[in-house]
Protein chains: 2
Amino acid sequence: MVSRSPQRREELLATAGEVFAAQGYDATTVRKIADAAGMLAGSLYYHFDSKESMLDEILSTFLNELWARYDAVLAAGLGPRETLEALVTESFREIDQHRDAVAIYQRESKHLADHPRFGYLAESQRKFEKAWLGTLERGVAAGTFRADLDVRLTYRFVRDTVWVAASWYRPGGHHSPEEIAHQYLSMVLEGIAVRPQ
Amino acid sequence: MVSRSPQRREELLATAGEVFAAQGYDATTVRKIADAAGMLAGSLYYHFDSKESMLDEILSTFLNELWARYDAVLAAGLGPRETLEALVTESFREIDQHRDAVAIYQRESKHLADHPRFGYLAESQRKFEKAWLGTLERGVAAGTFRADLDVRLTYRFVRDTVWVAASWYRPGGHHSPEEIAHQYLSMVLEGIAVRPQ
DNA sequence: TAACCTACCAAACACTTGTTAGGGAAGGAG
DNA sequence: CTCCTTCCCTAACAAGTGTTTGGTAGGTTA
């Protein structure tokens with residue numbers, strides 16, 4: 001298989017991503033993708049080996065980019081609270097720029113992680129846990145975060161809170177990703193109740 | 001179509017629910033359900049009209065039960081904070097008892113809401129929004145909840161944080177639904193940061 | 001002009017899908 | 001024993017699935 005114009009691939013992956021995100025991977029037929037791209041089903045196979053490899057390419061490029069951002073944050077040597085804030089902000093930026101990929105990841109990653117081809121999903125999940133959980137534990141040790149909460153529960157709470165936003169977030173809406181991140185962080189860190197003076 | 005033993009129906013719906021929750025509705029074939037139930041695919045059609053009607057029955061009975069609980073809470077005349085606490089607690093009880101149905105609802109409701117047969121999903125979503133959003137607005141007006149947050153953002157925040165728990169919650173684990181609800185409420189209301197004295 | 005490459009189409013392939021029709025074993029009722 | 005009901009099996013169906021093969025229009029290169 002030869003060059004096959006990277007730009008065209010990206011275009012097709014973008015439309016495939018839209019359909020995957022809207023209908024779900026299993027409910028999406030290659031004919032629907034081809035329709036959305038204005039071509040016939042068989043023609044997709046000039047650019048890709050299989051439907052699965054489209055999904056693979058969408059998810060892996062997304063995760064590669066995400067981890068480039070996360071690793072930069074984690075290597076910056078910030079305090080626990082600043083690390084959490086930076087991770088959340090980067091997550092919302094990622095949702096802003098790759099909403100489809102995030103939605104697909106949210107929906108499919110769980111049962112795909114069994115599949116050998118998508119082993120990197122499980123690995124990414126472990127790195128995820130290490131990064132977030134580690135930050136939270138550092139914060140508890142430093143007296144920044146509350147010690148009376150179950151840390152693993154808090155981890156899932158923070159993690160899910162951020163990523164489910166991809167299910168309703170629309171790029172170009174009223175709020176920028178930074179604004180949403182700021183409000184989310186305010187809720188997660190300070191709570192939604194009015195504090196007694 | 002005659003009586004067809006309600007107990008057997010419930011058994012089959014339970015196993016169908018397990019498979020739907022684990023693999024997703026579209027990825028689940030009627031043959032997989034039949035395998036899990038120890039019978040052949042065609043035999044399922046003695047009890048149900050179609051694969052879709054199984055999904056329908058699972059989701060509608062779940063929502064009926066959920067709204068019976070919610071309506072009881074909303075009719076109790078509690079204050080906004082107490083209402084929120086009760087709604088969250090009832091939600092975790094529901095997750096505890098109907099985890100599969102909740103997981104299926106989470107995953108499929110969005111694109112099913114278009115389908116006429118599942119119109120009650122969209123209606124339920126509106127009632128959902130009215131209940132949660134109304135409670136939050138009451139709380140802001142009463143000075144219970146912070147006024148500096150976008151209420152719709154807060155609504156989605158609270159709603160999502162509760163329901164995504166269904167994706168990792170396992171009944172019979174370390175925490176009872178009430179304990180989890182208590183910790184979640186503590187995080188949502190007071191935040192995870194240590195408060196300056 | 002001739003050869004070649006890119007990007008697609010046309011048509012089929014083997015297989016899986018949800019669903020149906022007819023049959024039969026088991027057991028209770030008369 | 002006979003009849004009937006319940007519950008499942010056997011075997012097939014048409015439609016839809018991902019994928020392959022061979023062809024071809026149009027541009028680029030020689």
Side-chain angles (χ1 to χ4, degrees), chain A residues 1-60 104 107-108 111-112 114-118, chain B residues 1-60 104 107-108 111-112 114-118:
Chain A
M1 191 175 275
V2 247
S3 59
R4 234 123 279 197
S5 170
Q7 311 158 28
R8 189 64 179 132
R9 279 179 75 92
E10 276 186 47
E11 283 179 31
L12 292 174
L13 282 179
T15 64
E18 286 177 30
V19 188
F20 284 156
Q23 324 227 3
Y25 175 74
D26 292 295
T28 299
T29 70
V30 293
R31 285 167 178 80
K32 284 182 189 166
I33 301 176
D35 273 5
M39 53 200 275
L40 291 182
S43 307
L44 286 172
Y45 289 79
Y46 172 73
H47 299 277
F48 306 97
D49 313 334
S50 65
K51 179 190 174 188
E52 194 181 76
S53 75
M54 299 187 215
L55 178 65
D56 193 357
E57 196 160 332
I58 290 174
L59 290 178
S60 60
I104 298 168
R107 204 189 141 111
E108 316 287 352
H111 68 275
L112 281 180
D114 300 335
H115 202 306
R117 174 169 195 172
F118 294 92
Chain B
M1 191 176 277
V2 248
S3 58
R4 234 124 280 196
S5 171
Q7 311 157 27
R8 188 66 179 130
R9 280 179 73 92
E10 276 185 46
E11 284 179 31
L12 292 174
L13 282 179
T15 64
E18 286 178 29
V19 189
F20 284 156
Q23 324 226 4
Y25 175 73
D26 292 295
T28 299
T29 70
V30 292
R31 283 166 179 81
K32 283 183 190 168
I33 301 175
D35 272 5
M39 54 198 280
L40 291 182
S43 307
L44 285 172
Y45 289 79
Y46 172 73
H47 299 277
F48 307 97
D49 313 335
S50 64
K51 178 188 173 189
E52 196 182 73
S53 76
M54 299 188 215
L55 178 64
D56 193 358
E57 196 160 333
I58 291 174
L59 290 179
S60 59
I104 298 168
R107 207 191 142 132
E108 317 286 352
H111 68 277
L112 281 180
D114 300 334
H115 201 308
R117 174 169 194 172
F118 295 91

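A note on names: the letters A, B, ... follow the listed sequences, proteins ahead of strands, and every chain is numbered from 1.
- With sequence neighbours left out, the ring-ring contact (aromatic ring centres under 6.0 Å, His included) criterion links B:His111 to no other residue.
- Across all their heavy atoms, A:Ile104 and A:Gly17 have their closest contact at CD1-O, 3.6 Å.
- The salt bridge (Lys or Arg N to Asp or Glu O under 4.0 Å) test applied to B:Glu108 returns A:Arg107, not counting sequence neighbours.
- Distance OH (B:Tyr46) to C1' (C:dT19): 18 Å, rounded to an integer number of Å.
- Taking every heavy atom of both residues into account, A:Leu112 and A:Phe118 meet most closely at O-CB, 3.5 Å.
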Fill in: Nucleotide-resolved protein contact map, nucleotides 9-20 of chain D, B/S/- at heavy-atom distance under 4.0 Å
BB-B----BBBB
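- Every residue two or more places apart in sequence or in another chain that forms a salt bridge (Lys or Arg N to Asp or Glu O under 4.0 Å) with B:Glu57 is listed here: B:Arg9.
- Residue pairs that meet the side chain to side chain donor-acceptor pair (under 3.5 Å) test with at least one member in residues 19-36 of chain A, sequence neighbours left out, are A:Gln23-A:Lys32.
- Residues B:Ala37 and B:Leu12 share a closest heavy-atom pair of CB-CD2, 3.7 Å.
- Following rounding to the nearest Å, B:Asp35 (CG) and D:dC8 (C1') show an atom-to-atom distance of 15 Å.
- For A:Ser53, the side chain to side chain contact (heavy atoms under 4.5 Å, CB included) test picks out A:Phe48, A:Asp49, A:Ser50, A:Arg117, with sequence neighbours left out.
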Do any N or O atoms of the protein come closer than 3.5 Å to N or O atoms of nucleotides 22-28 of chain C, and which pairs are they?
none

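- Direction change of the helix axis from one end of the helix from C:dT1-D:dA30 to C:dA12-D:dT19 to the other is 10°, with five pairs defining each end axis (rounded to 10°).
- At the phosphate of D:dC8, OP1 or OP2 sits under 4.0 Å from a side-chain N or O atom of B:His47.
- Across A:Met39 and A:Leu44, no two heavy atoms sit closer than the pair CE-N, 3.7 Å.
- Between A:Val30 and A:Ala41 the shortest heavy-atom distance is CG2-CB, 4.2 Å.
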